[in-house]
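Inspection log for the structure reproduced underneath, given as structure tokens.
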Amino acid sequence: MAKQEADNPQIKPYWGPAGGWGSVNSLADILPRERVNPEVARELVRQNKPDGFMCVSCAWAKPKDHHPFEFCEEGGKATAWELTTLRTTPEFFQKHTLAELREWKDYDLEQQGRLTHPLRYDAATDKYVACSWDEAFDAIAAELKPLDPKSVVFYASGRASLEASYMYALMARMYGSQNLPDSSNMCHESTSVGLKEAIGVPVGTTQLVDFELCDAIFFFGQNVGSNSPRMLHDLRDCRKRGVEIITFNPLKERGLERFTDPQNPIEMATLGETRISTQYHQVKAGGDIAAMMGIAKFVIQWDDEAAARGDKRVLDTGFLDQHTQGAEEFIEAVRRTEWADIERESGLKKKAIEAAATVYARSDAVLGIYGMGLTQHVKGVENVRMLVNLLLLRGNIGKPGAGPTPVRGHSNVQGQRTVGITEKTELAPIDKYRELYHFEPPAEKGLNTVEACHGVIDGSVKAFIGLGGNFLRAVPETAAMEEAWPRLELSVQIATKLNRNHLFPGRVTYLLPCLGRIEEDRQASGPQAVSMEDSTSCIHGSRGKAAPASPHLLSEPAIVGALARRLLPANPHVDWDAWVADYSLVRDAIERTYPEYFKDFNQRLFQPGGFWKGNKAAGRVWETKSKKAEFLVPSDLSAAGFEDAPGRFRLMTLRSNDQFNTTIYGYHDRFRGVKGTRDVLFMHKADMAEQGLAEGQIVALEGDAQDGKLRRREGLIVTPYDIPRGCLGAYYPECNVLIAVDHHAEESFVPAAKSVPVRIVA
Ligand SMILES: Nc1nc2c(c(=O)[nH]1)N[C@H]1C(S)=C(S)[C@@H](COP(=O)(O)OP(=O)(O)OC[C@H]3O[C@@H](n4cnc5c(=O)[nH]c(N)nc54)[C@H](O)[C@@H]3O)O[C@H]1N2
Ligand SMILES: Nc1nc2c(c(=O)[nH]1)N[C@H]1C(S)=C(S)[C@@H](COP(=O)(O)OP(=O)(O)OC[C@H]3O[C@@H](n4cnc5c(=O)[nH]c(N)nc54)[C@H](O)[C@@H]3O)O[C@H]1N2
Ligand SMILES: [Mo]
């Protein structure tokens, strides 16, 4: 397929709802482009259903009582993307050197279609050439054996199944490496750290049923219309029950404003729509701690007044006494905080915060839903802790209809952490590994994503294995990372489509094509199923039925098993071949390793709605240091982690409605009114005037990290937008070049992609 240029840029406001006809049209647009085969229609009906396959897009929960079509626009696009009939064959690679392909856009690379053959990089011609699987595995094992395992990174991108992930983590540790970062390190690691410290579990405490029981939802920094559209059904049902939805987001995201259900013929025919948010607060990027402090301040003030009158208290004092630690200190800190500071740091007026606090104070069961708008900040962990503080004040954790509800990204990112893909020793099942497989796992902490980037740049990382993903494109510091990558001794990528990371070879380089989840996975014992864990800790089986994109593809478990067998000394306690032949044996191993989560794993694999792994905090058992739920006094009202200064802006790097992370489906961002381009800089009109910029003017951004390094992104179109003063918006991954690798969340090391200090260069 020929390269396709971005068409005719057009930027104008979008007035329609999320979902609706726009969503059907957008799907109708991508299906022919991907030249999908007729199987797609059949597969879409099986999506997210018991005994069907679990969507490869987001991790939102899959209901027990499903809709006739349990997929959304984005899930439909993801399915079409995987089932495309386009192919990236060895002939394609014969025609193009990597130097040439590095000039292509992300969109054009993936648009070539599915990879079909295992490939080796040939430095003499600067091309990939087809090779046999045996050659690839032998060469990779031969390269890895002499290396210090601590210099090898085993990345995972959040999509691979529980079975593949368990095997991958075990292989890495048996080899001697605990360098097991995954996309979670760039995403919800602030959740995993913050919730664990505060309430003793690294994940949200709620399930789908809590949407039926809540009476208010506080919604922070998550773009539901683009990134987890199936949740719009749950939100709409909440609205129909009169649940108040209070949203905090610098941008007026359409999915949080209005929704027309594309699956409801009456809504479609009448253009009926549901108003989603009942209050919409355009908080400054990094302003959520301040906003939540303001809400807490009102709640505490009203509680003082109620106590003085002898009325029912506003704080849940019984809960605070019995279940929490640090409440007095936190309440004192809230009392000390000045309104002027809250207003300045949140960008919100006291009156607006009072309106939100009023809803909070009168609701008995509140969900706190959030995404990257909280986690991807220097104070991302404190953002999460502050949301917990707020929920704890009124006992909103561990009761029906209430609790923190992080919206996870990749479809199995939470599950990968559950089954051992983690760089943290305390999260690895060390004792079980010893007991079941008789080896001594690495004891010291492995590298997270940021540390792995440092290692690539400083040369201490010698080899990189990627189980999916597009690491080089997803991480910060693009220029230095691309410059350093070719110094790797070994670069191995397991992937379904060609992406930019693949165009940066190491000394030895292999690109290994794998089956996608929608495709039939046939092994010695017959067709296999795999499993994943959704955002609400429910585990689902998934069975692919579509014909594989090429006869030369291997499944992810088969690739990991084959490599492990060559790399590791024989161990009578691990039969990799038997596991590859029958994945139910891997599930047995997972059950033996984590009996508390995976009891009767194989029997429950296809339980409708998934089976719940359980959650201590949901039952008010707190596995924290103090054995109570812990308050935290935030260290700062701003989550940005840097001072404001004249000419310095907070850049939010965003996803469009036409992408899945680094996979670019197209050049439209329907909800934000952008057509035909991704080179957009969203900016407040008053800031434009102050900077002397005109609409449509082309500018560059420069990183303002104050470390003496030049980081620059050219060619952005200045676009007036409804965005708080001092904040800018532009698309990820093209703007990652502006992010310093050291600009990350404290403690969790999540790159702080939602407040990047930048300057505009006209
Ligand atoms: N179609 C599609 N689905 C996806 C993905 C995709 O790329 N495409 N990606 C998947 C992945 S891996 C993930 S992690 C999720 C990501 O899903 P989200 O968590 O929604 O992530 P973003 O799109 O980065 O947008 C975050 C939202 O936070 C807002 N925001 C930015 N800064 C702040 C702030 O300081 N405070 C507040 N309150 N809000 C802020 C932005 O305006 C935006 O609406 O989606 C998953 N699902
Ligand atoms: N500036 C900025 N940077 C960010 C973010 C941000 O908001 N702003 N978000 C961060 C977040 S939340 C995340 S999760 C990361 C995402 O980082 P990654 O997970 O590394 O990136 P993806 O774009 O999801 O990976 C896409 C590639 O995965 C491969 N792939 C797709 N399906 C499969 C499969 O079934 N198996 C295998 N083996 N490969 C497959 C394809 O080859 C495709 O090219 O980016 C992070 N980076
Ligand atoms: Mo993510």
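Note that this is a predicted model, so its numbers are computed, not measured. All ligand and atom numbering here is 1-based and tracks the order in the structure.
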Atoms of ligand 2, numbered as shown, that sit under 4.0 Å from any heavy atom of [X]:
X	value
Cys514	36 (N), 37 (C), 38 (N)
Ile494	37 (C), 38 (N), 39 (N)
Cys187	12 (S)
Glu110	43 (C), 44 (O)
Arg159	31 (C), 32 (N), 33 (C), 34 (C), 35 (O)
Glu556	34 (C), 36 (N), 37 (C), 38 (N)

Should the ring pair [X] and [Y] be called parallel, tilted or perpendicular, given that the plane angle runs from 0 to 90° and is split at 30 and 60?
X	Y	answer
Phe642	His743	tilted
Phe749	His744	parallel
Tyr667	Tyr107	tilted

Near [X], which atoms of ligand 1 are under 4.0 Å from a heavy atom of that residue?
X	answer
Gly221	19 (O), 26 (C), 27 (C), 28 (O), 29 (C), 37 (C), 38 (N), 39 (N), 40 (C)
Cys58	47 (N)
His410	12 (S)
Asp288	34 (C), 35 (O), 36 (N), 37 (C), 38 (N)
Leu251	42 (O)
Phe248	37 (C), 38 (N)
Gly371	19 (O)
Gly286	34 (C), 35 (O)

Return yes when [X] approaches ligand 2 closer than 4.0 angstrom through a heavy atom, no otherwise.
X	result
Arg655	yes
Glu82	no
Gly409	no

Heavy-atom proximity to [atom], best of [options]:
atom	options	value
atom 2 (C) of ligand 1	Ser226, Ser183, Ser346, Cys727	Ser226
atom 47 (N) of ligand 1	Leu654, Asp658, Asn227, Asn223	Asn227
atom 4 (C) of ligand 1	Phe660, Tyr731, Phe682, Tyr665	Phe660
atom 6 (C) of ligand 1	Gln659, Arg672, Glu73	Gln659
atom 26 (C) of ligand 2	Leu498, Thr662, Asp106	Thr662

Practice task
Compute both the distance and the angle, then confirm whether Arg87 meets the cation-pi test with Phe92: under 6.0 Å from the six-membered ring centre, within 45 degrees of the axis.
Solution key: no

Practice task
Measure the shortest side-chain to side-chain distance between Arg408 and Glu533 over non-hydrogen atoms and say whether it is less than 4.5 angstrom.
Solution key: no

Exercise: do [X] and [Y] side chains pair donor with acceptor under 3.5 Å:
X	Y	result
Glu423	Asn185	yes
Gln222	Asn249	no
Ser531	Glu163	yes
Thr88	Gln112	no
Ser555	Tyr583	yes

Part of [X] with heavy atoms under 4.0 Å of ligand 2, whether side chain, backbone, both or neither:
X	value
Asn736	side chain
Asn499	side chain
Val475	neither
Arg517	neither
Ala753	side chain

Exercise for the section: Would you mind checking which non-hydrogen protein atom is closest to atom 8 (N) of ligand 2, with the distance to 0.1 Å? Expected result: Thr653 OG1, 3.0 Å

Exercise for the section: Only one of Tyr280, Phe219, Tyr370, Phe220 passes ring pair (Phe, Tyr, Trp, His ring centres under 6.0 Å) with Phe248; say which it is. Expected result: Phe220

What part of [X], side chain from CB on, backbone N/CA/C/O, both or neither, has a heavy atom under 4.0 Å from ligand 1?
X	answer
Val283	side chain
Asn661	both
His188	neither
Met372	both
Glu253	side chain

Practice task
Verify the ring-centre separation between Phe660 and His410: is it less than 6.0 angstrom?
Solution key: yes

Practice task
May I ask you to decide whether Asp679 forms a salt bridge with Arg713, counting only side-chain N to carboxylate O separations under 4.0 Å?
Solution key: yes

Handout entry: Carboxylate-amine/guanidinium contact Asp658 Lys77, below 4.0 Å
Key = yes

Practice task
Please check if the side chain of Glu253 supplies one atom and the backbone of Val224 the other of a donor-acceptor pair under 3.5 Å.
Solution key: no

Handout entry: Any donor-acceptor N/O pair, Arg114 side chain to Glu82 backbone, under 3.5 Å
Key = yes

